[in-house]
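In what follows, a single structure is set out as structure tokens and then discussed.
Source: prediction; values computed, not measured. Sequence positions, counted from 1, serve as the residue numbers for this chain.
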Amino acid sequence: MIHVTLKDGLQKKFEAGVSAYDVAASLGAGLAKAACAARIDGKEVDLRTELTADCNLEILTFDDPYGRWTYRHTASHILAQAVKRLWPEVKLAIGPAVENGFYYDFDTERMLTPEDLLDLEAEMKKIIKENLPIERFVLSREEALDFFGAANEPYKIELIEDLPKDAEISCYRQGEFTDLCAGAHLMSTGLVKAFKLTSCTGAYWRGDSNRKMLQRVYGTAFPKQSELDAYLAQLEEAKKRDHNKLGRELELFTTSDVIGQGLPILLPKGARIIQLLQRFVEDEEQRRGWLLTKTPFMAKSDLYKISGHWDHYKEGMFVLGNEETDKEVFALRPMTCPFQYQAYLNRSRSYRDLPLRYNETSTLFRNEASGEMHGLIRVRQFTISEGHLMCTPEQLEEEFKGCLELAIFMLKTLGLYEDVSYRFSKWDPSDRDKYIGTEEQWDEAQDSMERILKHLEIPYAVGIGEAAFYGPKLDIQIKNVHGKEDTLITIQIDQMLAEKFGMEYVDRDGTKKHPYIIHRTSIGCYERTLALLIEKYAGAFPVWLAPVQVKILPIADRHFDYAFDLKRQLETEGLRVEVDDRNEKIGYKIREARLEKVPYMLVCGDKEMEDGTVSVRARGENGDLGAMTRADLLARILEEVRTKKR
């Protein structure tokens, strides 16, 4: 007999060899039905796993991330089985669960259509109704190669051949369908209750653009139809807010094939928002003691060799020239730190000069893979609110706190603060070639950051292997409307590059020391921030950020002079104003202005001219604010701009 300690601390006895599923069943039919996977002594496992010794056991349902992953992984296998039933000649690649659903990649000459997805859904429903038991079994390497060779599944053969020699090769069988898989899976196909295939797209085998293009079918699955319906409604809302779609419709940005992927063109309205953000950031940084620099967009390879970027980041850089044939090779800068270090090195420094805070609105260039490009969120040329702060060890915590407070101030002002999470990105000692510095230096830097984060009571997750090659960092993470997470703001501690560049200061005792460096952004990449703001506000930006704050709508030609006089008055106060002087009906003009998400629409007709007023409409369903004097209107809008009201 073995002792199994459950999540609530209750301890029960079972015969050795009992499965996690059998334990769940002994606790109740409802739990067994809802069970997706298990956690034994902290390790996530398949429900079929046998318990052979005393242990702690937790039964995982759909509410647990791993349980949810298992549920959707099972749905991906049901999809693959449906594909093989409808089109037996199709070759199977991989089919994992992902954050919001699952996908499976197929090698087929058939171009899948929306109608095909409906056929697949119908076949999947049949498989679910059949309630096929899902069985796990293990094969030797030779047996696995023979099995999938006989099934003519070349992608499975490649996956098997790439496994370590001593790897356990497991498969899962449901009815006539068997797939190579590490698991975990539900106990039967009938446990998947609600699902939807959402799209089909192309995907290179193993993400390699030199390999074959496969067809990827995406889907999602939930235990209840109501949950699926809510998620699908959320997807529809996400499509409406998608910055890639909405940003083009509102004429904020565009792209051009002859310019290249990842190189967006900001149109006048989008450029205006970026300009407003930059002015806001630079003014706020100046108030907090940051000193503005302007450094070159490129440098010789010599600079990047000192910093380590040439050895650790060269593949992500745009290199100009050939090292073998050219006397000098240049590269566009992927970050500003080595440039701003030269400003520090401009003259000798004392401890009295520290902390020294350099900021810059930096245009950077990174050679991102073509498959990673997405609208304004991931691009090859972008502008960032970058800064580097040199300080003494004693100043480090207070200055780090100041950088974090600046970032939080920016996030709150923009309305993004509630949407972010924090990740403490550490190095991976097992991947030693990826980093510079000694183990002692990394331990010291990470201990310093951990101490600071705990003292500031910052809740964070840990990302092993996510650190920069020269130091740990705090990444402020945010998700777009589709749930894809990206880094918005980064604050890093660097104890290594100062020594590489010979950066010193004379301390109180007359000795020369290397400063600590904090790398930080205050608002992150402006293009990415603009994308997130488009999605956050569905294009209806706060008044202070709106590219056009007021649209004046004269009813007839005789009202034009009044409209343009009003425009001049508002512009004198710094507002951004347009007059719609087209020969269109007023109802049409109002609808157009609302579609453009303009905060205020001012209707001018005979009565307004006679009274010296305007009829004010704010965007939104109940936006008719009635007649206002020019002075009252101006006071209202300017107060919203001053307070940056959201």
Side-chain angles (χ1 to χ4, degrees), residues 36-37 62 65-87 90-125 127-128 134 153-156 158-159 172 174 177-186 189 192-209 211-223 227-228 231-232 234-236 238-239 242 369-374 378 479-486:
C36 298
F62 190 84
Y66 190 74
R68 193 156 51 247
W69 185 93
T70 301
Y71 191 97
R72 289 168 172 165
H73 193 185
T74 302
S76 78
H77 275 219
I78 294 172
L79 165 61
Q81 184 176 11
V83 167
K84 293 295 282 187
R85 281 188 177 184
L86 294 180
W87 307 297
V90 171
K91 303 294 181 281
L92 304 177
I94 57 172
V98 290
E99 184 173 2
N100 291 311
F102 60 89
Y103 69 79
Y104 212 111
D105 289 345
F106 304 100
D107 184 357
T108 172
E109 299 304 316
R110 180 190 187 90
M111 186 61 66
L112 296 176
T113 65
E115 290 72 24
D116 289 329
L117 297 190
L118 293 176
D119 291 340
L120 283 171
E121 286 181 350
E123 193 62 38
M124 289 175 70
K125 288 176 182 177
I127 295 169
I128 291 170
I134 301 176
E153 295 288 359
Y155 298 99
K156 303 298 179 182
E158 182 177 328
L159 292 171
Y172 282 81
Q174 51 197 53
F177 177 76
T178 299
D179 204 352
L180 175 74
C181 188
H185 286 279
L186 303 180
T189 61
V192 175
K193 299 301 181 184
F195 72 93
K196 179 69 178 175
L197 300 183
T198 54
S199 65
C200 182
T201 185
Y204 291 111
W205 170 233
R206 291 189 152 181
D208 185 346
S209 59
R211 305 293 296 273
K212 187 167 185 179
M213 175 69 78
L214 307 177
Q215 292 194 62
R216 175 172 294 177
V217 177
Y218 282 99
T220 192
F222 290 86
E227 294 173 335
L228 175 62
Y231 175 75
L232 295 177
Q234 179 187 330
L235 279 187
E236 287 304 309
K239 289 177 183 177
D242 187 334
S370 59
E372 295 295 319
M373 300 297 103
H374 177 59
R378 191 166 292 276
K479 294 180 180 179
N480 66 16
V481 290
H482 299 293
K484 171 71 168 61
E485 185 174 85
D486 283 293

- prompt: H482 vs H374 aromatic rings, parallel, tilted or perpendicular, using cut-offs 30° and 60°?
  reply: perpendicular

- prompt: What's the shortest heavy-atom distance between A93 and L214, and which atoms?
  reply: CB-CD1, 3.7 Å

- request: Report the C-alpha separation of W87 and L120 in whole Å, then their side-chain angles, then the decisive distance to 0.1 Å, and conclude whether the side-chain contact (heavy atoms from CB on, under 4.5 Å) test is met.
  value: CA-CA 10 Å; W87 307 297; L120 283 171; 3.7 Å; yes

Non-hydrogen side-chain atoms of V217 and Y104 separated by less than 4.5 Å: no

Shortest non-hydrogen separation from L186 to C36 and the atoms involved: CD2-CA, 3.6 Å

query: Are any side-chain N or O atoms of T70 and backbone N or O atoms of A37, one a donor and one an acceptor, separated by less than 3.5 Å?
result: no

- prompt: Distance from D119 atom CG to T113 atom OG1, nearest 0.5 Å?
  reply: 7.5 Å

statement: Distance col, row I94:CD1 vs D179:CG, nearest 0.5 angstrom, shows 11.0 Å

query: Mind checking whether Y66 and W69 have parallel, tilted or perpendicular rings, split at 30° and 60°?
result: parallel

message: Between E158 and R206, is the side-chain contact (heavy atoms from CB on, under 4.5 Å) condition met? List the steps.
response: CA-CA 11 Å; E158 182 177 328; R206 291 189 152 181; 3.3 Å; yes

- request: First locate atom CD of E109, then atom CG of D107, and finally report the distance between them rounded to the nearest 0.5 Å.
  value: 6.5 Å

- prompt: Would a 4.5 Å heavy-atom cut-off, applied to side chains only, mark F62 and R72 as touching?
  reply: yes

- prompt: Going through the checks in order, is the side-chain contact (heavy atoms from CB on, under 4.5 Å) test met by Y231 and N100?
  reply: CA-CA 9 Å; Y231 175 75; N100 291 311; 3.3 Å; yes

task: Name the orientation class of the two ring planes belonging to W205 and Y155 (parallel below 30°, tilted from 30 to 60°, perpendicular beyond 60°).
output: perpendicular

message: I'd like to know if the side chain of E123 reaches the main chain of R85, judged simply by a donor and an acceptor atom lying under 3.5 Å from each other, with no hydrogens or angles considered.
response: no

Partner residues of E99 under the salt bridge (Lys or Arg N to Asp or Glu O under 4.0 Å) criterion, sequence neighbours left out: K479

message: Would you compute the distance between atom OG1 of T201 and atom CZ of R216 and round it to the nearest 0.5 angstrom?
response: 8.0 Å

message: My understanding is that only residues two or more places apart in sequence, or in another chain, count here; which of them pass salt bridge (Lys or Arg N to Asp or Glu O under 4.0 Å) with R68?
response: none

- line: Hits for salt bridge (Lys or Arg N to Asp or Glu O under 4.0 Å) against E121, two or more places apart or cross-chain, chain-then-number order -> K196

task: Using the six-membered ring wherever Trp is involved, compare the ring planes of Y172 and H77 and label them parallel, tilted or perpendicular (cut-offs 30° and 60°).
output: perpendicular

message: Could you measure the distance from the CG atom of L232 to the OG1 atom of T220? Nearest 0.5 Å is fine.
response: 7.5 Å

Note, P96 side chain near Y103 side chain (heavy atom, < 4.5 Å): yes

message: Would you say that I78 contacts F102 through its side chain, given a criterion of any heavy-atom pair below 4.5 Å between the two side chains?
response: no

message: Looking at every non-hydrogen atom in both residues, tell me the closest pair between A97 and H73 and how far apart they are.
response: CB-N, 3.8 Å

task: May I ask you to decide if Y204's main-chain N or O and R211's side chain share a donor-acceptor pair within less than 3.5 Å?
output: no

query: Are side-chain heavy atoms of V90 and Q215 found at a separation under 4.5 Å?
result: no

Working for side-chain contact (heavy atoms from CB on, under 4.5 Å), residues F195 and K125: CA-CA 9 Å; F195 72 93; K125 288 176 182 177; 3.8 Å; yes

message: If you compare all heavy atoms of Y71 against all heavy atoms of P223, which two are closest, and at what distance to 0.1 Å?
response: OH-CA, 3.3 Å

query: Could you give the distance from CG (L159) to CD (E153), rounded to the nearest 0.5 Å?
result: 10.5 Å

- request: State, yes or no, whether a side-chain contact exists between T189 and M124 at a heavy-atom distance under 4.5 Å.
  value: no

field: Minimum heavy-atom distance between M213 and A203, given as atom pair plus value
entry: SD-N, 3.1 Å

Minimum heavy-atom distance S76-G95, with the two atoms named: OG-O, 2.7 Å

